[in-house]
Amino acid sequence: MEIDKNPLLEAWNTPFHTPPFDRIRTSDYEPAFEVAIQEQKEAIDRIIHNPAAPDFANTIVAIERSGERLERICGVFFNVLNADANDELMAISERISPKLTACANDIYLNNALFERVQAVYEKRGQWGLDVEDRKLLDETYRAFQERGATLSEADKETYRQLSTELSLLSLRFEQNALKDKQRFEMLLTTEEELAGLPDSIREAAAHRAKEKGRTGWLFTLDAPSYVPFMRYADSRALREQMYRAYLSIGNKGDEFDNKEIVRRIVNIRLQLAHLLGYPDYASYELSHKMA
């Protein structure tokens, strides 16, 4: 595949610049990620080596714009992954997630880059910024602080290792939950079982069954199927069956069980919070948020 023909790397001449999903193939994602990651690295290098004194435009705005293409590709890929995942997309996510984490760490743990950000922040009252620009400056500075910029070199290496493991564990958690959810099916075969369901929901369930070569009405734990079934179905027993299946996603003690992953995620989050000077992960997350 030619990079210059990759729709993820082109300007989108679509209504409201929405992604051209009809042209995007699964094979387009990884090459697009590689190009966008390299572009952001080069943009960050230009900021660091800019001989001009750091100011709001050449540092803060430049950082904000450095990852625009990468952010756009991530938005497409991870939304598709969450909505319509398959084994190939999951394999791509496992290969690309560590690269995305490494790319982010290379930005936020870069001493020279943080020095420029800090220089701009320390003179924040001199730039004549409006409300939006001041917000961008504050958020950029805080992002560097909260992602390890002020740590020692040894602690930065620890942060890299923990954040990389956390991204992979979070991805594995999502994949296990998705695979477990996808394997549940409830096939109904009588009109009585459909009592209470609107015609549109019945038609969608019949179409779903037909697509899989089955006769009847097929319901799954996907939101377009699960939510209306739980809302409208008269059968308490069938609603309970669906609810219990949904409640047990990733918690069946098999290959898709997430309990150990959750334990490891919690432990890593606690280590990261301590590393950054917080007593627990909740304090870290709520440091500038409301509960």
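In this structure the side chain of F56 reaches within 4.5 angstrom of the side chain of L136, judged on heavy atoms. For the pair S170 and I265, the minimum side-chain heavy-atom distance is below 4.5 Å. Side-chain contact check for I37 versus L70: some heavy-atom pair is nearer than 4.5 Å. Contact annotation: the side chain of L113 approaches that of I63 to within less than 4.5 Å [non-hydrogen atoms, C-beta and beyond]. Between I24 and N6 the shortest side-chain heavy-atom distance does not fall below 4.5 Å.
The heavy-atom pair separating K259 from D257 by the smallest distance is NZ-OD2, 2.6 Å. Across every non-hydrogen atom of L218 and E185, the tightest pair is CD1-CB, 3.7 Å. The two residues P20 and P7 have their closest heavy-atom pair at CG-CB, 4.3 Å. Contact detail for M90 and Q175: the closest heavy-atom pair is O-NE2, 3.2 Å. Listed here is the closest heavy atom pair of S248 and D180: O-OD2, 3.7 Å. When all heavy atoms of L197 and A233 are compared, the closest pair comes out as CD2-N, 3.8 Å.
No side-chain donor-acceptor contact under 3.5 Å links H274 to the backbone of D280. Not a single donor-acceptor pair under 3.5 Å links the side chain of K212 to the backbone N or O of R208. Distance alone, capped at 3.5 Å, is enough to place a donor-acceptor pair between the T101 side chain and the S97 backbone. With hydrogens and angles ignored, the 3.5 Å screen pairs a side-chain donor or acceptor of E193 with a backbone N or O of T189. Of the possible polar contacts, one joining the S167 side chain to the T164 backbone as a donor-acceptor pair under 3.5 Å is found.
Both tests pass for R72 against the ring of W12: distance under 6.0 Å to the centre and angle within 45° of the axis.
The ring of F33 has its center closer than 6.0 angstrom to the ring center of F77. Note: Y226 and F219 fail the aromatic proximity criterion, with ring centroids not under 6.0 Å apart.
I107 is not connected to I73 by any chain of hydrophobic side-chain contacts under 4.5 Å among Ile, Leu, Val, Met, Phe, Trp and Tyr, and they are in different clusters. V80 and L178 fall within the same hydrophobic cluster, where Ile, Leu, Val, Met, Phe, Trp and Tyr residues are linked whenever their side-chain heavy atoms come under 4.5 Å apart, directly or through other members. Clustering ILVMFWY residues whenever any of their side-chain heavy atoms sit less than 4.5 angstrom apart, transitively, puts W127 in the very cluster that holds I60. By the rule that hydrophobic residues join a cluster once side-chain heavy atoms approach within less than 4.5 Å of another member, I96 and L89 end up as members of one cluster. In the hydrophobic clustering of this structure, V266 does not group with L168; members are Ile, Leu, Val, Met, Phe, Trp, Tyr whose side-chain heavy atoms approach within less than 4.5 Å, directly or through other members.
D222 and Q182 form no side-chain donor-acceptor contact under 3.5 Å, judged by distance and modelled atom types alone. Q161 and E165 share no side-chain donor-acceptor pair at under 3.5 Å. There is a side-chain donor-acceptor pair under 3.5 Å between N58 and R116. Side-chain N/O atoms of N111 and K156 include a donor and acceptor closer than 3.5 Å. No side-chain donor-acceptor contact under 3.5 Å links T158 and Q271. Under the 3.5 Å distance criterion, with hydrogens and angles disregarded, a donor-acceptor pair is assigned to the side chains of E146 and S287. E211 and H207 are linked by a side-chain donor-acceptor pair at a separation below 3.5 angstrom, with hydrogens and angles left out of the test.
Taking the charged nitrogens against the carboxylate oxygens, R134 and D138 do have a contact shorter than 4.0 Å, which makes a salt bridge. Salt bridge status for D133 with R124: absent, with no side-chain N to carboxylate O gap under 4.0 Å.
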For Y284 and Y281, run ring pair (Phe, Tyr, Trp, His ring centres under 6.0 Å): C-alpha distance rounded to whole Å, both residues' side-chain angles, the deciding distance at 0.1 Å, then the answer. CA-CA 5 Å; Y284 165 67; Y281 190 75; 5.5 Å; yes
